Every structure is written in structure tokens, then in C-alpha cells.
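Structure record follows, encoded as C-alpha cells.
Given the structure is predicted, the values throughout are model-derived calculations rather than measurements.
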Amino acid sequence: MEPSIRAPRGIKDVLPPDASRFEAVLKEAESVLSLGGFQKVLLPLFESTALFARSIGGATDIVEKEMYTFLDKGGDQYSLRPEGTASLLRAAIEHRLLDPSRIIRLAYSGPMFRHERPQAGRLRQFTQIGAEVLGPLTPADDVDLISLIHRMAIDFSIPSWTLILNSLGCPLCRPAYRETLVAYLVKNAASLCETCHRRTAQNPLRVLDCKVPSCQEALEQAPRITEHLCTRSRNHFEDVKMGLDGLGIPYVLSHRLVRGLDYYTETTFEFVSDALGAQSTWAAGGRYDGLTAELGGPDLPGIGFAAGIERLWLLREKAGTLPDPEKHPVRIMVFPMETNGRVAALDLVRKLRNAGVPASGHFSGGKIKSAFRQAERDGALFLAILGEDELRSGTVQVKNLETGEQCSWPLNDVKKIADMIRESGG
Ligand code: ATP
Ligand code: MG
């Protein structure tokens, strides 16, 4: 039978046994952030649309066409979060966590929503983990954050990864560069696509990462921001590169890495991998020194990144470093052969669980064959059988379904059974 209602396009159900493996991939990435001293914040899944428009930027793809925006019953306009930085900063400002004299490190994770064209590694609901460092930062803090993502690349054996690095300058040097760039784009308009023309007017830096091959060619000769940085931004960028060199973290420079969000300043970076096909970026971020002030908080430097868990999954799958699926999510299934054994079976299941053993029951009676089939379906390693004889003698037959070994146990000592189950491998 065809279901009449399906999941929305670009939304993926994650089923067993992959769901718990997906959570493990998320947890393992989060534990790298814990090692870096980041503390987790739990953020709402939707916010006022104005928050995203103001932080991400009105002329970005995300805000222009990718947000799931709705009016609630009170007539207020909200959007499902397309990313985490805006919410995290909103919360940090609202709860007065920011302090110009000290650095704070916060992390988040969870689903994000963007109405994009779904393809491999690009979903409409996807999962990110992200981290933000806020306070009196130095270029060393940029290096330190990048070094944590580098650690993920190593720990998870990410295949053929590259760190791409650029600087977007600061409010002092970017306006002049922008003008130089616009002049170039206008002069070369004939070689650029329609989208580039629109962006030249609205968001000229975004023209640089146009994916159309003929545009890419025309843009190779475009003025480069790193050649138009003010002294402070140039020194900042040099310090970051020196730090990465010092840690032996390889990177390549790209003057065309501008990122899709307007709030970035100074250092911007992406970790990409050839193994991902067209959606090559698995982690990305950068400095956003003006953003906290823009959102009504103290004027503090900030840097952050986000990584996509679905893409990390794909990469770890390729590398063969995904966590193994749980072999026996249920350790033991209890089967009463007759209806009058049901209560004893329920009681045994409960006691096994109380002793910390994942247990299920197959209460429908019938042939032992059906119990074996159900046990296999549950992923149980043991089958406990309660027949007439066992009920009479207060015992239970416990069969190891892998080895075929079978043994009788007294029902009044469930702890012993639990110990035996825990000690057996499988
Ligand atoms: P992309 O280059 O894929 O468009 P982006 O620049 O929009 O990415 P960010 O907003 O910086 O990405 O998000 C950080 C990370 O989140 C990305 O590197 C990617 O791993 C993941 N991500 C972003 N959008 C999606 C999506 N639609 N589906 C799955 N993962 C995504
Ligand atoms: Mg995108």
C-alpha cells in the first residue's frame, strides 16, 4: 500500500539502527568541543524573522529565499532557524552573558531548516553542531578554533580534506575594496551571469563565489581583498597564518571564499573534502566582530563555526569510521508459552530491566518458532522461555541465540541472570 502522506521533500527520517549511530556521530563531534572548553546552550527552533534578517543579512540567499517563515496565531512573524549563530548571540545578549573583559565559549547543536534544492548532502532539515567564542579575542583564538575542527578531521579520519582560508577585512578596509570590486564587476558585466548582475548591486562580495564556470573564469582576475586590507586586518591575517603554520595545520588561500552570511569579518574559513562531491564543505566559519553590537549587545569580537552532521556522516562512512550499529539493542526477550505465564513473563521483564538489562517480551504465545523470529527482529541475544514445567518449578530456560547454549535459572534470582547476560559478549 502506498502511503498517502509522505515526509516533506528534503526531509529525512533516520531509522534504527542508524538513528543511534547518527546520535553517536553528533556526540563524538560535541565531545571535541567539550575538550575545547565549550559549554552547551539549548536554543529554540524558531525565532523572530527580524533576528535572522538583521544578522545573516537581508540580501543573502538564506534570508531572501531559504527561510521557513510563518505568522503565528498572534500575528507575529517567526522563522525556523536556518543557522545557530544568530540565536546563540541573541540569547547571550538577552541573558547578559557577554563581558568585554573575559572570553566565553558556547556551543549548540540541533536541526536547522533551509528551503534549498535537496540533493546528496543537502537537505531542508539538517543537523549542525556549532561553537562561538566571544570576548576580547586575539588572532590566536581564531587559530585555536580552527585547530579544534582540524582535530575532528584527524579523529574521524575525514578523507582528503582541505582547509580554505581567506580574510574579509574589517569595516575600515572593506568599503574601499567593495568599490574597487564593483568597478571591476561593472566593467566585466558582459562575462557574468544574471545572478552576478543582481548581486553586483546588492551584495557584490557574493559574486566572487558564483559557481558558473564562465563567471569563475572572469572572476579569477578580480581585485583580491587580501591585497586591499588595512594594516590591522593584514597583521591579523598574518598572525592567523603564522599560528596555523606553527601548529602544522595545512591550508590553502582563496580570495573567492566569501561565505553566504553577511556578518563575517577578518578570518573566514571552510573545511572541504573531495569525497563529498558537489556539497564539499563540511565545516565553515569565521570572525564576526560587528555582530554582537548589531544585535544590540556590547561591541565584542566573535568567532564561530558550524559543521554539518549529515555531511560528517557521509565522510565517516567513506572513511569506514562510523560507529558500529548496536548488535543487540535488546539483550533478552522473554516468551511465555501459555497465556497463564504472561504475568510471570511481565514480572521477569520488569526485573531484568530493573537490573539494567534491556529486555522485551513476546506475550502473544503460540509456537516457539514465532518467538525465535521475534527475538531475531528485536536483536535479542537471549531468549527466556517460560513453559508449564518452568512455571511449576519456578525456573526459566535461557537460551543464547548465538551459541545455542541453554540453561535453567531460578526465577527468584534475576540478579544472577542479569550478571550472566552482562558478562556474555555478543
Ligand atoms: P553550502 O556551501 O553547502 O551551501 P553554507 O555556506 O550554506 O554551505 P553554512 O551556513 O556555513 O553553510 O553551514 C555550515 C555547515 O552546515 C555546512 O558546511 C554544511 O556542512 C552544513 N549545511 C549547510 N546547509 C546544509 C544543507 N542544506 N544540508 C545539509 N548540510 C548543510
Ligand atoms: Mg548554503
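- Minimum interatomic distance between Ala29 and Ile129 (heavy atoms only, all atoms of both residues): CB-CD1, 3.6 Å.
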Exercise. Yes or no on salt bridge (charged side-chain N to carboxylate O under 4.0 Å, His left out) for Lys27 and Glu23, after CA distance, side-chain angles and deciding distance?
Worked result: CA-CA 6 Å; Lys27 270 217 185 83; Glu23 283 183 332; 5.7 Å; no

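- Under a 4.0 Å N-O distance rule, the pair Glu132/Arg105 does not qualify as a salt bridge.
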Problem set entry | Chi angles and distances behind the ring-ring contact (aromatic ring centres under 6.0 Å, His included) call for Phe113, Phe46 | CA-CA 10 Å; Phe113 307 86; Phe46 64 93; over 10 Å; no

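- No salt bridge links Arg124 with Glu116; every basic N to acidic carboxylate O contact stays at or beyond 4.0 Å.
- Between the side chain of Asn166 and the backbone N or O of Leu257 there is at least one donor-acceptor pair closer than 3.5 Å.
- Not one N or O on the side chain of Arg287 forms a donor-acceptor pair closer than 3.5 Å with the backbone of Gly304.
- In this structure a side-chain-to-backbone donor-acceptor pair under 3.5 Å is present from Thr60 to Gly57.
- For CD of Glu179, the number of neighbouring non-hydrogen atoms (other residues, nucleotides, ligands) closer than 6.0 Å is 12 at most.
- Tested against Leu89, the residues Leu97, Thr292, Leu51 include a single side chain to side chain contact (heavy atoms under 4.5 Å, CB included) partner, Thr292.
- Heavy atoms only, all atoms of each residue included: Gly84 and Leu43 are closest at O-CD1, 4.2 Å.
- The number of heavy atoms from other shown groups lying within 6.0 Å of CD (Gln39) does not exceed 12.
- For the side chain to side chain contact (heavy atoms under 4.5 Å, CB included) criterion with Phe237, the lone passing option out of Leu168, Asp142, Thr226 is Thr226.
- Remark: Arg81 does not engage Glu47 in a salt bridge, criterion side-chain N to carboxylate O under 4.0 Å.
- Side chain of Lys211 to main chain of Asp209: a donor-acceptor pair is present (N/O by atom type, distance under 3.5 Å, no hydrogens or angles).
- In this structure, Glu220 places its CD atom where more than 12 heavy-atom neighbours from other residues, nucleotides or ligands lie under 6.0 Å away.
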Exercise. Between Asp18 and Lys12, does a salt bridge (charged side-chain N to carboxylate O under 4.0 Å, His left out) hold up when you go through it step by step?
Worked result: CA-CA 12 Å; Asp18 283 353; Lys12 227 174 78 179; over 6 Å; no

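- Without hydrogens or angle criteria, Ser360 side chain to Met333 main chain gives no donor-acceptor distance under 3.5 Å.
- Shortest non-hydrogen contact noted between Ala86 and Ser55 is CB-OG, 3.2 Å.
- Note: Trp161 and His150 have perpendicular aromatic rings, judged against thresholds of 30 and 60 degrees for the angle between ring planes.
- Remark: Tyr251 pairs with no residue by the ring-ring contact (aromatic ring centres under 6.0 Å, His included) rule, at least two apart or across chains.
- Ion pair Glu238/Lys241 flagged as a salt bridge, since at least one NZ, NE, NH1 or NH2 atom sits closer than 4.0 Å to an Asp/Glu carboxylate oxygen.
- Comment: Asp155 does not engage Arg316 in a salt bridge, judged by the lack of any side-chain N to carboxylate O separation of less than 4.0 angstrom.
- The environment of Glu376 atom CD is sparse: at most 12 non-hydrogen atoms of other residues, nucleotides or ligands sit within 6.0 angstrom.
- Using a cutoff of 4.0 Å between basic side-chain nitrogens and carboxylate oxygens, Lys327 and Glu402 are scored as salt-bridged.
- Contact detail for Leu33 and Leu148: the closest heavy-atom pair is CD2-CD1, 4.3 Å.
- The CG atom of Asn400 lies 10.5 Å from the CG atom of Leu383; values are rounded to the nearest 0.5 Å.
- The side-chain contact (heavy atoms from CB on, under 4.5 Å) search around Thr200 returns Val182, Leu185, Val186, Val207, not counting sequence neighbours.
- Separation of atoms CG (Leu381) and NZ (Lys399) is listed at 12.0 Å; rounding is to 0.5 Å.
- Between Arg198 and Glu64 a salt bridge is recorded (basic side-chain N to carboxylate O distance below 4.0 Å).
- The ring-ring contact (aromatic ring centres under 6.0 Å, His included) test applied to Phe335 returns His362, not counting sequence neighbours.
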For this session: Report the C-alpha separation of Arg224 and Tyr177 in whole Å, then their side-chain angles, then the decisive distance to 0.1 Å, and conclude whether the side chain to side chain contact (heavy atoms under 4.5 Å, CB included) test is met.
Result: CA-CA 8 Å; Arg224 301 181 168 214; Tyr177 167 72; 5.7 Å; no

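- Salt-bridge check for Arg114 with Glu83: failed, with every basic side-chain N at 4.0 Å or more from each acidic carboxylate O.
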For this session: Check the pair Leu244 / Leu165 against side chain to side chain contact (heavy atoms under 4.5 Å, CB included), numbers first and verdict last.
Result: CA-CA 11 Å; Leu244 291 171; Leu165 194 68; 3.8 Å; yes

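- Contact between Cys193 and Cys215 at its shortest, heavy atoms only, is N-SG, 3.3 Å.
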For this session: Decide yes or no on side chain to side chain donor-acceptor pair (under 3.5 Å) for Glu310 and Thr127, but give the supporting numbers first.
Result: CA-CA 7 Å; Glu310 287 79 5; Thr127 312; 3.0 Å; yes

Exercise. Ser273 and Ser280: side chain to side chain contact (heavy atoms under 4.5 Å, CB included), yes or no, with the steps?
Worked result: CA-CA 5 Å; Ser273 166; Ser280 59; over 6 Å; no

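- Remark: the backbone N or O of Asp76 is paired with a side-chain donor or acceptor of Asp72 at under 3.5 angstrom.
- For the residue pair Ser109 and Gln128, no side-chain donor N or O sits within less than 3.5 Å of a side-chain acceptor on the partner.
- The backbone N or O of Thr138 lies less than 3.5 Å from a partner atom in the side chain of Asp141, making a donor-acceptor pair.
- The aromatic rings of Trp282 and Phe271 are tilted relative to each other, their planes meeting at an angle between 30° and 60°.
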Problem set entry | Criterion side chain to side chain contact (heavy atoms under 4.5 Å, CB included) on Met67 and Ile62, from CA distance to verdict | CA-CA 6 Å; Met67 288 208 298; Ile62 295 180; 4.2 Å; yes

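- Distance alone, capped at 3.5 Å, places no donor-acceptor pair between the His255 side chain and the Ile225 backbone.
- Heavy atoms from other residues, nucleotides or ligands lying under 6.0 Å from CZ of Arg377 number 12 at most.
- With hydrogens and angles disregarded, no donor-acceptor distance shorter than 3.5 Å links the side chain of Arg422 to the backbone of Val357.
- Minimum heavy-atom separation, Leu348 to Ala384: CD2-CB, 4.4 Å.
- Under a 3.5 Å cut-off, the side chain of Arg174 and the backbone N or O of Gly169 do not form any donor-acceptor pair.
- Interatomic distance, OG1 of Thr85 versus CG of Leu106, reported as 11.5 Å (0.5 Å rounding).
- The aromatic rings of Tyr78 and Phe70 are tilted relative to each other, their planes meeting at an angle between 30° and 60°.
- Using a cutoff of 4.0 Å between basic side-chain nitrogens and carboxylate oxygens, Asp419 and Lys416 are not scored as salt-bridged.
- Annotation: the span from Ile103 atom CD1 to Ile303 atom CD1 amounts to 11.0 Å, rounded to 0.5 Å.
- For the residue pair His328 and Asp378, no side-chain donor N or O sits within less than 3.5 Å of a side-chain acceptor on the partner.
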